[in-house]
Amino acid sequence: MAELLILYHSRTGGSRQMAEAAYAGAAGEGPARLLRAEEAGPADLLAAGAYLFCAPENLAALSGAMKEFFDLCYYPVLGQIEGRAYAQMICAGSDGSGAARQLARIATGWRLKAVQEPLIICTHAQTPEAILAEKGIPEAELQSCRDLGQAMAAGLAMGMF
């Protein structure tokens, strides 16, 4: 059975909490793997049947570590993962749309199939202190992440994508 790869980067904990919640939701539906972007490579993408990418937005773009993952993996898997399903979760201080657009453009280049609109969770961190502080994602928003992980894993297990 195909595996759902939940891939994330987190510096202040928000994206990590979101990815862990998605993984918890996916666990009962089928094979899922939770992996930090810094530890992942092309082989992980090739081994998975679908993807859930989770990253913070930094300065209206994907975090550097998440972008580095895409930079390192883009060409090695190009033409080999076309048509696979993906979804994305963005942890943002205010907007999140810049990072979501950037990730969607990368996924379009790989010819991945988006299965839902980006899930953007806003922490409202607007001061240097709040931006750099450890994040705490509210339970209701973590439930949305669990629901997304569950739906992705179930869809993959049922052969929907």
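Just so it is clear, the model here is predicted, and its values are computed rather than measured.
- You'll find the side chain of Q17 reaches within 4.5 Å of the side chain of L142, heavy atoms only.
- Counting only heavy atoms from C-beta outward, the side chains of I90 and F53 never approach each other to under 4.5 Å.
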task: Would you sort out whether W110 and Y75 count as a ring pair (Phe, Tyr, Trp, His ring centres under 6.0 Å), showing the intermediate values?
output: CA-CA 9 Å; W110 273 338; Y75 290 108; 9.7 Å; no

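- Neither L112 nor I6 shares a network with the other; the hydrophobic side chains, linked directly or stepwise wherever heavy atoms of I, L, V, M, F, W or Y lie under 4.5 Å apart, form separate groups for each.
- Shortest non-hydrogen contact noted between A130 and Q126 is CB-N, 4.1 Å.
- Residues R33 and L4 are not in side-chain contact: their nearest non-hydrogen atoms beyond the backbone lie 4.5 Å or more apart.
- Atom SG of C54 and atom CG of L103 lie 10.0 Å apart (nearest 0.5 Å).
- Between Y8 and L35 there is no side-chain heavy-atom pair separated by less than 4.5 Å.
- A distance-only check finds a donor-acceptor pair linking the side chain of K135 to the backbone of A133 [under 3.5 Å].
- Note on L59 and F69: separate hydrophobic clusters, where clusters join Ile, Leu, Val, Met, Phe, Trp and Tyr whose side-chain heavy atoms are under 4.5 Å apart, directly or indirectly.
- In this structure, the side chains of R11 and H9 come closer than 4.5 Å at one or more pairs of heavy atoms.
- A chain of hydrophobic side-chain contacts below 4.5 Å, direct or via other Ile, Leu, Val, Met, Phe, Trp or Tyr residues, connects L45 to L62.
- A 4.5 Å side-chain heavy-atom check between L52 and L5 finds every atom pair outside the cut-off.
- How far CZ of R84 is from CG of L46: 6.5 Å, rounded to the nearest 0.5 Å.
- Residue G98 comes nearest to D95 through the heavy atom pair N-OD2, 4.0 Å, listed as atom of the first residue, atom of the second, then distance.
- Hydrophobic clustering, with ILVMFWY side chains joined whenever heavy atoms are under 4.5 angstrom apart, keeps I121 apart from L7.
- Between E57 atom CD and S94 atom OG the span is 6.5 Å, to the nearest 0.5 Å.
- Looking at every heavy atom in both residues, A2 comes nearest to L156 through O-CD2, 3.6 Å.
- Between the side chain of Y86 and the main chain of V115, no donor-acceptor pair closer than 3.5 Å is present.
- Put simply, the side chain of I120 does not reach to within 4.5 Å of the side chain of Q88, judged on heavy atoms.
- The minimum heavy-atom distance between P56 and S15, with the atom names listed, is N-OG, 3.1 Å.
- A donor-acceptor pair under 3.5 Å is absent between the side-chain atoms of E82 and the main chain of L78, judged by distance alone.
- Between the CD1 atom in I106 and the OH atom in Y74 there is a gap of 8.5 Å [rounded to 0.5 Å].
- I131 pairs by the side chain to side chain contact (heavy atoms under 4.5 Å, CB included) definition with A125, not counting sequence neighbours.
- In this structure the side chain of E141 never reaches within 4.5 angstrom of the side chain of L119, judged on heavy atoms.
- The nearest pair of heavy atoms linking G93 to T123 is CA-OG1, 3.6 Å.
- Closest approach of F161 and M152 over heavy atoms only: CE1-O, 3.4 Å.
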task: Apply salt bridge (charged side-chain N to carboxylate O under 4.0 Å, His left out) to the pair R16 and E134, showing each step before the final yes or no.
output: CA-CA 11 Å; R16 177 188 47 77; E134 193 69 17; 3.7 Å; yes

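- Here the straight-line distance linking atom CG of D44 with atom CD of E3 works out to 8.5 Å at 0.5 Å rounding.
- Looking only at distances, no side-chain donor or acceptor of E68 sits under 3.5 Å from a matching main-chain atom of G64.
- Distance check: I137 CD1 to M89 CE gives 10.0 Å after rounding to the nearest 0.5 Å.
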task: Decide side chain to side chain donor-acceptor pair (under 3.5 Å) for R105 and Q102; before the verdict, give the C-alpha distance in whole Å, the side-chain angles of both, and the deciding distance to 0.1 Å.
output: CA-CA 5 Å; R105 287 182 61 119; Q102 187 179 20; over 6 Å; no

